[in-house]
**Q** 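Here's a structure for you.
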Number of protein chains: 2
Amino acid sequence: MVAKRRSGCPIAVSLDIFGDRWSLLIVRDLMFKGLSTFTEFGAAGEGIATNVLAERLERLEDAGIIERLADPADGRKATYRLTSKGIDLAPVLVEMVIWAARYEATDAPPAQVREMTRHRARFLASVRKRLR
Amino acid sequence: MVAKRRSGCPIAVSLDIFGDRWSLLIVRDLMFKGLSTFTEFGAAGEGIATNVLAERLERLEDAGIIERLADPADGRKATYRLTSKGIDLAPVLVEMVIWAARYEATDAPPAQVREMTRHRARFLASVRKRLR
DNA sequence: CAGGATCCGTTTCGATACTG
DNA sequence: CAGTATCGAAACGGATCCTG
């Protein structure tokens with residue numbers, strides 16, 4: 001990891017998360033789709049390779065955005081979930097979804113997207129409650 | 001450019017913008033720093049190479065997020081500015097800045113960041129007004 | 001000189017195969 | 001199931017060159 005360069009604007013320091021396609025998708029899957037295991041991310045994403053997935057999960061964990069919970073009964077099994085820092089990414093994700101639904105979506109937005117758009121605050125509250 | 005894969009969630013279709021570090025920085029520079037020329041982006045960013053900058057400007061223009069305005073008097077000179085689609089990225093950027101300022105910023109947030117955090121709606125309105 | 005385009009060595013990515 | 005190892009392909013960044 002290269003040392004962070006200084007900048008007047010704090011967006012810059014978070015580019016490792018925001019500037020990466022896979023990290024964002026993993027957070028989305030955790031936040032909106034209720035996924036939590038390695039295999040689920042691999043299957044549900046848009047085709048992330050296993051090595052890349054492993055590296056991004058580690059990076060997100062190092063950044064304190066997700067935490068890894070090893071199953072005490074079965075060492076092989078592990079689940080991931082968002083930390084409070086990760087949950088606080090919800091407004092960012094929601095704004096992305098709203099923007100994308102408006103300008104980029106090709107098919108009709110699903111119900112969840114409509115809920116985000118029409119009742120943003122209520123939707124955010126329900127996400128927080130569910131993930132906590 | 002690879003064909004877009006289908007997905008239930010519209011974030012996926014916008015990864016060309018959201019999943020790229022440089023595109024995000026260019027939009028930020030246009031939106032919050034008032035930059036508008038090739039050279040300004042190159043100097044003010046965190047060290048983007050000219051070839052990469054040229055390609056991202058083209059990509060953002062193709063996506064309809066920025067538009068290129070050639071100076072009719074001086075063919076050498078060109079300025080870029082956000083389209084309305086690009087301006088509508090403001091809420092996303094603002095949420096990113098707020099999040100980053102809370103969790104990642106190492107130095108005290110500048111005045112602009114405080115304004116975003118404390119008076120989000122007012123700040124967004126002023127951005128819209130200035131960029132229109 | 002501004003705004004790129006081209007070339008090229010290096011890094012990173014990603015698909016597949018493999019392993020505890 | 002949850003990841004490593006490998007390796008070719010793509011992207012990056014730096015320098016330089018081109019064009020108006």
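What you see is a predicted model, and the numbers here were worked out from it, not measured in a lab. Just so it is clear: chains get the letters A, B, ... in the order the sequence lines come, proteins before strands, and each one is counted from 1.
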**Q** Using a cut-off of 4.0 Å on non-hydrogen atoms, how would the nucleic acid contact of B:Thr39 be classed: base, sugar-phosphate, or nothing?
**A**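 Sugar-phosphate: the residue B:Thr39, judged by heavy atoms under 4.0 Å, touches backbone atoms but no base.
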
**Q** I need the CG-C1' distance between B:Leu35 and C:dA2, as an integer number of Å.
**A**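 Nearest whole value for this atom pair: 16 Å.
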
**Q** Mapping B:Val52 and A:Glu58 to their closest nucleotides on DNA chain D, which lands nearer the 5' end?
**A**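 Per heavy-atom nearest nucleotide, the more 5' residue is A:Glu58.
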
**Q** In whole angstrom, give the distance that lies between atom CG of A:Leu60 and atom P of D:dG3.
**A**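 A:Leu60 atom CG is separated from D:dG3 atom P by 13 Å.
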
**Q** Please tell me which of the listed nucleotides, D:dG14, D:dA5, D:dA2, lies nearest to the side chain of A:Lys77?
**A**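 Of D:dG14, D:dA5, D:dA2, D:dA2 is nearest to the side chain of A:Lys77.
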
**Q** If you compare every side-chain N and O of A:Trp22 against the phosphate oxygens of C:dC13 (OP1, OP2), does one of them come in below 4.0 Å?
**A**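 For C:dC13, neither OP1 nor OP2 has a side-chain N or O of A:Trp22 closer than 4.0 Å.
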
**Q** Could you give the CZ-to-C1' distance, from B:Phe38 to D:dC18, as a whole number of Å?
**A**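 Taking CZ of B:Phe38 and C1' of D:dC18, I get 13 Å after rounding.
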
**Q** Quick one: B:Leu57 CG to C:dG3 P, roughly how many Å, whole number?
**A**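 For the pair B:Leu57 CG and C:dG3 P, the rounded distance is 10 Å.
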
**Q** Strictly below 4.0 Å: does B:Arg68 bring a side-chain N or O up to OP1 or OP2 of C:dG4?
**A**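 Yes.
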
**Q** Can you tell whether the side chains of B:Glu95 and B:Arg120 come within less than 4.0 Å, N to carboxylate O?
**A**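 B:Arg120 and B:Glu95: salt-bridged.
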
**Q** Taking only N and O in the side chain of A:Arg56, is any of them less than 4.0 Å away from OP1 or OP2 of C:dC13?
**A**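 Answer yes for this pair, as a side-chain N or O of A:Arg56 is under 4.0 Å from OP1 or OP2.
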
**Q** For the pair A:Arg68 and A:Glu58, find out whether any cationic side-chain nitrogen is under 4.0 Å from an anionic carboxylate oxygen.
**A**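 No, this pair does not count.
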
**Q** So which nucleotide from C:dG4, C:dA15, D:dG3 ends up closest to the side chain of A:Ala49?
**A**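 My answer, after comparing the listed nucleotides, is C:dA15.
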
**Q** Once you round it to whole Å, what is the distance between C1' of C:dG4 and CD of B:Glu61?
**A**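 Rounded to the whole Å, the gap is 13 Å.
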
**Q** Rounding to an integer number of Å, can you tell me how far B:Glu40 CD sits from C:dG4 C1'?
**A**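 Checked: the CD to C1' distance equals 16 Å.
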
**Q** For the pair A:Asp20 and B:Arg21, find out whether any cationic side-chain nitrogen is under 4.0 Å from an anionic carboxylate oxygen.
**A**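 Salt bridge absent between A:Asp20 and B:Arg21.
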
**Q** Choosing from C:dG3, D:dT6, D:dG3, which nucleotide comes nearest the side chain of A:Asn51?
**A**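 Looking only at side-chain atoms, A:Asn51 lies closest to D:dT6.
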
**Q** Under 4.0 Å between any heavy atoms, over every strand shown, what does B:Phe41 touch: base, sugar-phosphate, or nothing? Just pick one.
**A**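 Touches nothing.
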
**Q** What's the CG-C1' distance between A:Leu69 and D:dC1, to the nearest Å?
**A**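 Answer to the nearest Å: 17 Å.
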
**Q** So, does A:Arg59 get its side chain near the phosphate of C:dT12, meaning an N or O under 4.0 Å from OP1 or OP2?
**A**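 So the side chain of A:Arg59 is outside the cut-off, no N or O lying under 4.0 Å from OP1 or OP2 of C:dT12.
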
**Q** Whole angstroms only, please: what is the CD-P distance between A:Glu55 and C:dT12?
**A**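 Taking atom P of C:dT12 as the reference, CD of A:Glu55 is at 10 Å.
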
**Q** Could you check A:Thr50 against A:Asp20 and say which one's nearest nucleotide on DNA chain C is further toward the 5' end?
**A**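 Nearer the 5' end of the strand: A:Asp20.
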
**Q** Does C:dA2 have OP1 or OP2 sitting under 4.0 Å from an N or O in the side chain of B:Tyr80?
**A**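 For C:dA2, OP1/OP2 do not have a side-chain N/O of B:Tyr80 under 4.0 Å.
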
**Q** Would you say that B:Arg128 contacts B:Asp88 through its side chain, given a criterion of any heavy-atom pair below 4.5 Å between the two side chains?
**A**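 They are in side-chain contact.
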
**Q** Quick one, A:Glu104 and A:Trp99 - any side-chain contact, counting heavy atoms below 4.5 Å?
**A**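 A side-chain contact exists here, since the closest heavy-atom pair is under 4.5 Å.
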
